[in-house]
Participant: 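Structure in structure tokens, see below.
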Amino acid sequence: MDRQQEFVLRTIEERDIRFVRLWFTDVLGTLKSVAIAPAELEGAFAEGIGFDGSAIEGLSRVVESDMLAKPDPSTFQVLPWRGERPGTARMFCDITLPDGTPSMADPRNVLQRALAKAADLGFTFYTHPEIEFFLLRSGYVHGQAPEPIDQAGFFDHVPHGNSHDFRRAAITMLEAMGISVEFSHHEGAPGQNEIDLRYADALSTADNIMTFRAVVKEVALEQGIYATFMPKPFAEHPGSGMHTHLSLFEGDTNAFHEPGAPYMLSKTGRQFIAGLLRHGAEITAVTNQWVNSYKRLWGGGEAPAYLTWGHNNRSALVRVPMYKPSKGNSTRVELRSLDSACNPYLAFAVILAAGLKGIEEGYELPPEAEDDVWSLTSAERRALGIQPLPSSLSDAIHVMEDSELVAQTLGEHTFDFFLRNKRQEWADYRGTVTPFELERYLPRL
């Protein structure tokens with residue numbers, strides 16, 4: 001037994017932990033949880049906990065349903081919302097087959113494979129997400145429009161506002177679980193908030209995002225309100241994104257930093273951006289995986305809808321933030337397409353794969369977009385060679401279907417399941433008669 005496992009077992013005894021929740025996600029990014037007693041944990045470390053994988057979205061076929069969940073002791077944390085004593089803790093799991101080999105359909109393993117490829121090239125992948133979400137007075141009630149908890153705007157200070165209390169409680173809980181928060185504030189739309197997590201390696205960040213979403217939901221319920229990561233719940237307001245800052249390190253050196261270069265951005269950094277732009281359409285079904293995601297991307301404002309990059313251009317897909325002269329390691333790129341409802345393991349895997357492809361193939365970075373891309377006419381965009389992102393989930397699926405990069409990154413099983421599931425989601429949406437159609441056509445046709 002290694003030291004981390006011994007630490008977990010000792011902590012459980014010292015802190016009177018009675019339940020240990022084993023967490024993992026299905027292919028769509030839904031958090032799954034099974035609770036075991038502390039007495040079972042030593043066996044779980046050694047052999048894993050058996051479960052029916054065919055009952056989990058995309059994990060396995062019925063004919064190979066036996067799976068094992070093996071807890072990762074490095075992810076052990078006590079759940080602060082479950083009370084002090086007796087306590088409840090959680091660990092993320094790696095999913096394996098009965099013979100101990102990793103499940104190729106485990107989203108955590110998909111990301112681990114992508115990170116291993118980066119490591120073979122000498123890189124460590126770091127990410128820093130800015131996570132937006134809405135706070136509503138209640139969850140969905142049929143026939144009723146969602147109601148935000150306030151009418152505040154960007155950076156507004158609302159005296160005695162629910163958002164202040166909510167953010168303070170959520171951040172306190174996150175930091176109690178070892179998740180460092182950098183910033184928090186009210187976002188641009190009524191009821192919309194943003195909490196930014198501190199830089200971490202991509203696997204830790206993906207685990208942290210899953211924990212973040214659980215914490216935000218729990219704190220909202222405790223306060224009698226409802227939190228949603230739906231990309232665009234309001235037609236008239238901006239949607240919720242997850243702008244994510246990305247960088248590659250070679251040991252302690254930022255591979256994106258080059259003193260004296262434009263924006264201090266190295267050739268490696270420029271090739272990484274070129275990879276994101278060239279393969280941006282192919283990976284969009286993963287980074288923006290819901291029908292509703294495209295209402296945000298094509299809803300105007302600061303949401304990106306075109307494959308462009310820029311320095312301080314917030315309409316671009318990829319932005320190179322302002323360089324801090326005293327901090328060479330701060331050079332990074334910001335990908336602005338992700339929404340906060342994606343599966344972070346799969347999203348980070350395909351983003352990394354696209355960027356690495358740019359480095360490996362030596363892609364040339366196209367000219368920077370200096371204009372607000374939204375303000376250009378279609379003809380002007382065509383003249384500048386600016387290509388659009390997919391405009392619907394259906395378009396994104398069609399582009400992804402032909403992507404060798406995404407197929408290799410996700411693995412055959414996950415790639416096929418994901419596409420099958422998304423085709424069905426689009427078919428369900430396409431067959432739905434919406435309130436828009438009833439209001440527009442029923443009175444006149």
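Atoms considered below: every heavy atom in the structure, side chains included; atoms not considered: hydrogens, waters and symmetry mates.
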Participant: Would one find more than 12 heavy atoms of other residues, nucleotides or ligands at under 6.0 Å from atom CG of Asp252?
Facilitator: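 Open.
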Participant: Do Asn109 and Tyr345 have side chains that get closer than 4.5 Å, going by heavy atoms?
Facilitator: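 Not in contact.
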Participant: Taking only Lys NZ, Arg NE, NH1 and NH2, and the carboxylate oxygens of Asp or Glu, determine whether Arg108 and Asp94 approach each other closer than 4.0 Å.
Facilitator: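 A salt bridge is present here (some side-chain N lies under 4.0 Å from a carboxylate O).
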Participant: Indicate yes or no: does Lys117 engage Asp120 in a salt bridge with an N to O separation below 4.0 Å.
Facilitator: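 No.
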Participant: Return yes if some donor-acceptor pair links the side-chain N/O of Glu6 with the main-chain N/O of Arg3 below 3.5 Å, else return no.
Facilitator: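 Absent.
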Participant: Taking atom CE of Met67 and atom CG of Leu97, what is their separation to the nearest 0.5 Å?
Facilitator: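 Answer rounded to 0.5 Å: 5.5 Å.
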Participant: Once the angle between the rings of Phe249 and Tyr126 is folded into 0 to 90°, is it parallel (under 30°), tilted (30 to 60°) or perpendicular (over 60°)?
Facilitator: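 Correct class here is perpendicular.
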Participant: Would you find a donor on one side and an acceptor on the other, under 3.5 Å apart, between the side chain of Thr11 and the backbone of Phe7?
Facilitator: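 Yes; judged by distance alone, with no hydrogens or angles, the pair exists.
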Participant: Using a 3.5 Å distance criterion without hydrogens, assess whether the side chain of Glu250 forms a donor-acceptor pair with backbone atoms of Phe123.
Facilitator: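 No; judged by distance alone, with no hydrogens or angles, the pair does not exist.
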Participant: Is the closest side-chain heavy-atom distance between Val20 and Ile12 below 4.5 Å?
Facilitator: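 Side-chain contact under 4.5 Å: yes.
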Participant: Would you say the side chain of Arg420 lies within less than 4.5 Å of the side chain of Phe417, judging by non-hydrogen atoms?
Facilitator: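 Of all side-chain heavy-atom pairs linking Arg420 with Phe417, at least one is under 4.5 Å.
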Participant: Quick one: pull up NZ in Lys232 and CG in Asn292 and give me the separation to the nearest 0.5 Å.
Facilitator: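 Interatomic distance, Lys232 NZ to Asn292 CG, rounded to 0.5 Å: 8.5 Å.
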Participant: Does Glu425 use its side chain to pair, donor to acceptor, with the backbone of Val291 at less than 3.5 Å?
Facilitator: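 Such a contact is found between Glu425 side chain and Val291 backbone.
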Participant: Begin from the C-alpha positions of Thr96 and Ser103 and carry the test side chain to side chain contact (heavy atoms under 4.5 Å, CB included) through to its verdict.
Facilitator: CA-CA 5 Å; Thr96 71; Ser103 164; 5.9 Å; no
Participant: Does the gap between the ring centers of Phe51 and Phe24 come in under 6.0 Å?
Facilitator: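 Between Phe24 and Phe51, which both carry aromatic rings, the centre distance is below 6.0 Å.
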Participant: Can you tell me how far apart CD1 (Ile283) and CG (Leu346) are? Round to the nearest 0.5 Å.
Facilitator: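 Output value for this atom pair is 12.0 Å.
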Participant: Under 6.0 Å from the ring centre and within 45 degrees of the ring axis: does the NZ or CZ of Lys422 meet both conditions for the six-membered ring of Trp290?
Facilitator: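 Cation-pi check for Lys422 and Trp290: passes.
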Participant: Is the backbone N or O of Met230 less than 3.5 Å from a side-chain atom of Arg296, with the two atoms forming a donor-acceptor pair by type?
Facilitator: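 No; zero donor-acceptor contacts below 3.5 Å.
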Participant: Give every residue pair that meets the side-chain hydrogen bond (donor to acceptor under 3.5 Å, both in side chains) criterion with at least one member in residues 174-184, sequence neighbours excluded.
Facilitator: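 Passing the test, one end in residues 174-184: His128-Glu182.
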Participant: Check ring-ring contact (aromatic ring centres under 6.0 Å, His included) between Trp23 and all other residues, then give those that pass, not counting sequence neighbours.
Facilitator: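 For Trp23, the residues satisfying ring-ring contact (aromatic ring centres under 6.0 Å, His included) (neighbours in sequence not counted) are Phe92.
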Participant: Does Tyr140, at its OH atom, have more than 12 non-hydrogen atoms belonging to other residues, nucleotides or ligands within less than 6.0 Å?
Facilitator: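 Correct, the count exceeds 12.
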Participant: Quiz question: by atom type and distance under 3.5 Å, do the side chains of Asp207 and Ser204 form a donor-acceptor pair?
Facilitator: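 No, no side-chain donor-acceptor pair sits under 3.5 Å.
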Participant: Enter the distance from Phe125:CZ to Leu352:CG here, rounded to the nearest 0.5 Å.
Facilitator: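 Phe125 CZ to Leu352 CG: 5.0 Å, rounded to 0.5 Å.
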Participant: Where the side chain of Thr75 meets the backbone of Asp72, is there a donor-acceptor pair that is under 3.5 Å apart?
Facilitator: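 Checked: pair present.
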Participant: For Thr377, does its backbone N or O pair with a side-chain atom of Glu380 as donor and acceptor, under 3.5 Å?
Facilitator: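 Checking the backbone N and O of Thr377 against the side chain of Glu380, a donor-acceptor pair under 3.5 Å is found.
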Participant: Ring pair (Phe, Tyr, Trp, His ring centres under 6.0 Å): which pairs involve residues 347-367, sequence neighbours left out?
Facilitator: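 Every ring pair (Phe, Tyr, Trp, His ring centres under 6.0 Å) pair that includes a residue of residues 347-367, provided the two are not neighbours, is His279-Tyr363.
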Participant: Taking atom OH of Tyr294 and atom CG of Asn288, what is their separation to the nearest 0.5 Å?
Facilitator: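 Output value for this atom pair is 5.0 Å.
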Participant: Should we say atom CD of Glu401 is surrounded by more than 12 heavy atoms from elsewhere, each under 6.0 Å from it?
Facilitator: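 Yes, CD of Glu401 has more than 12 neighbouring heavy atoms, counting only those of other groups under 6.0 Å.
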Participant: Would you say that Arg336 contacts Pro304 through its side chain, given a criterion of any heavy-atom pair below 4.5 Å between the two side chains?
Facilitator: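 The answer is yes; the side chains approach within 4.5 Å.
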Participant: Is it the case that the side chains of Asp339 and Ser293 hold a donor-acceptor pair, with the cut-off being a distance below 3.5 Å and no angle test?
Facilitator: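 On atom types as modelled, these side chains qualify, holding a pair under 3.5 Å.
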Participant: Quick check against the 3.5 Å criterion: does Thr30 have a side-chain atom that pairs as donor or acceptor with the backbone of Asp26?
Facilitator: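 Not confirmed, Thr30 side chain does not pair with Asp26 backbone.
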Participant: So with a 6.0 Å cut-off around CD of Glu222, is the heavy-atom count from everything else above 12?
Facilitator: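 Count over threshold, so yes.
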Participant: Is atom CZ of Phe19 surrounded by more than 12 heavy atoms (other residues, nucleotides or ligands) closer than 6.0 Å?
Facilitator: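 12 or below, so no.
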Participant: Give the minimum heavy-atom separation between Ser247 and Phe256, together with the two atoms involved.
Facilitator: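 Looking at all heavy atoms of both residues, the closest pair is CA-CE2, 3.5 Å.
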Participant: Is the closest side-chain donor-acceptor distance between Asp196 and His243 under 3.5 Å?
Facilitator: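 Looking only at side-chain atoms, His243 and Asp196 do not form any donor-acceptor pair under 3.5 Å.
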Participant: Is there a side-chain contact between Phe229 and Glu132, using heavy atoms and a 4.5 Å cut-off?
Facilitator: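 The answer is no, as the side chains (C-beta and beyond) never meet within the 4.5 Å cut-off.
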Participant: Side chains of Arg332 and Leu246: does their closest heavy-atom pair fall under 4.5 Å?
Facilitator: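 SC-SC contact between Arg332 and Leu246 ruled out.
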Participant: Kindly compute the distance separating OG1 (Thr331) from CG (Leu248), expressed to the nearest 0.5 Å.
Facilitator: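 Atom-to-atom, Thr331:OG1 and Leu248:CG are 12.5 Å apart.
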Participant: Of the options Leu317, Val318, Thr268, which is the one that meets Ile273 in a side chain to side chain contact (heavy atoms under 4.5 Å, CB included)?
Facilitator: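 Considering Leu317, Val318, Thr268, a side chain to side chain contact (heavy atoms under 4.5 Å, CB included) with Ile273 is found only for Val318.
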Participant: With distance as the sole criterion, is a donor-acceptor pair present between the side chains of Arg381 and Tyr306 under 3.5 Å?
Facilitator: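 Yes, Tyr306 and Arg381 have a side-chain donor paired with an acceptor closer than 3.5 Å.
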Participant: Walk me through whether Thr127 and Tyr199 qualify under side chain to side chain contact (heavy atoms under 4.5 Å, CB included).
Facilitator: CA-CA 6 Å; Thr127 54; Tyr199 252 104; 5.7 Å; no
Participant: Is there a side-chain contact between Arg15 and Val78 in this structure, where contact means two heavy atoms from C-beta onward sitting under 4.5 Å apart?
Facilitator: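 Sidechains of Val78 and Arg15: in contact.
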Participant: Checking Glu368 against Tyr263: is there a side-chain donor and acceptor pair closer than 3.5 Å?
Facilitator: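 Looking only at side-chain atoms, Glu368 and Tyr263 do form a donor-acceptor pair, the distance falling under 3.5 Å.
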Participant: If you measure only the distance, is there a donor-acceptor pair under 3.5 Å linking the side chains of His245 and Glu130?
Facilitator: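 On atom types as modelled, these side chains qualify, holding a pair under 3.5 Å.
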Participant: For Ile179, run the side chain to side chain contact (heavy atoms under 4.5 Å, CB included) check against Thr211, Thr205, Ile209 and tell me which one passes.
Facilitator: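 Running side chain to side chain contact (heavy atoms under 4.5 Å, CB included) over Thr211, Thr205, Ile209 with Ile179 returns exactly one hit, Thr211.
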Participant: Quick check on Glu236: does its CD atom have over 12 non-hydrogen neighbours (other residues, nucleotides or ligands) under 6.0 Å away?
Facilitator: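 Yes, enclosed.
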Participant: Hey, mind stepping through Phe234 and Phe134 against ring-ring contact (aromatic ring centres under 6.0 Å, His included) and telling me if it holds?
Facilitator: CA-CA 10 Å; Phe234 299 99; Phe134 279 92; 5.3 Å; yes
Participant: Out of Pro190, Pro146, Pro233, which residue meets the side chain to side chain contact (heavy atoms under 4.5 Å, CB included) rule with Leu136?
Facilitator: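 Among the candidates, only Pro146 passes.
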Participant: Please determine, by modelled atom types, if Arg213 and Ser340 share a side-chain donor-acceptor pair under 3.5 angstrom.
Facilitator: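 The criterion, which ignores hydrogens and geometry beyond distance, is not satisfied for Ser340 and Arg213.
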Participant: Got more than 12 heavy atoms from elsewhere within 6.0 Å of CE, Met104?
Facilitator: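 Atom CE in Met104 is not packed in, count stays at 12 or less.
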Participant: Between the side chains of Glu282 and Ser403, does any donor sit under 3.5 Å from an acceptor?
Facilitator: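 Per modelled atom types, Glu282 and Ser403 side chains form a pair under 3.5 Å.
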Participant: Do Asn421 and Val27 make a side-chain contact, defined as non-hydrogen atoms from C-beta onward lying under 4.5 Å apart?
Facilitator: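 SC-SC contact between Asn421 and Val27 ruled out.
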Participant: Is a side-chain N or O of Thr253 found less than 3.5 angstrom from the main chain of Ala255, in a donor-acceptor match?
Facilitator: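 No, Thr253 side chain to Ala255 backbone: no donor-acceptor pair under 3.5 Å.
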Participant: So, the side chain of Asp106 versus the backbone of Ile95: is there a donor-acceptor pair under 3.5 Å, distance only?
Facilitator: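 Judged by distance alone, yes, a pair lies under 3.5 Å.
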Participant: Does the side chain of Asp395 come under 3.5 Å of the side chain of Ser391 through a donor N or O and an acceptor N or O?
Facilitator: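 On atom types as modelled, these side chains qualify, holding a pair under 3.5 Å.
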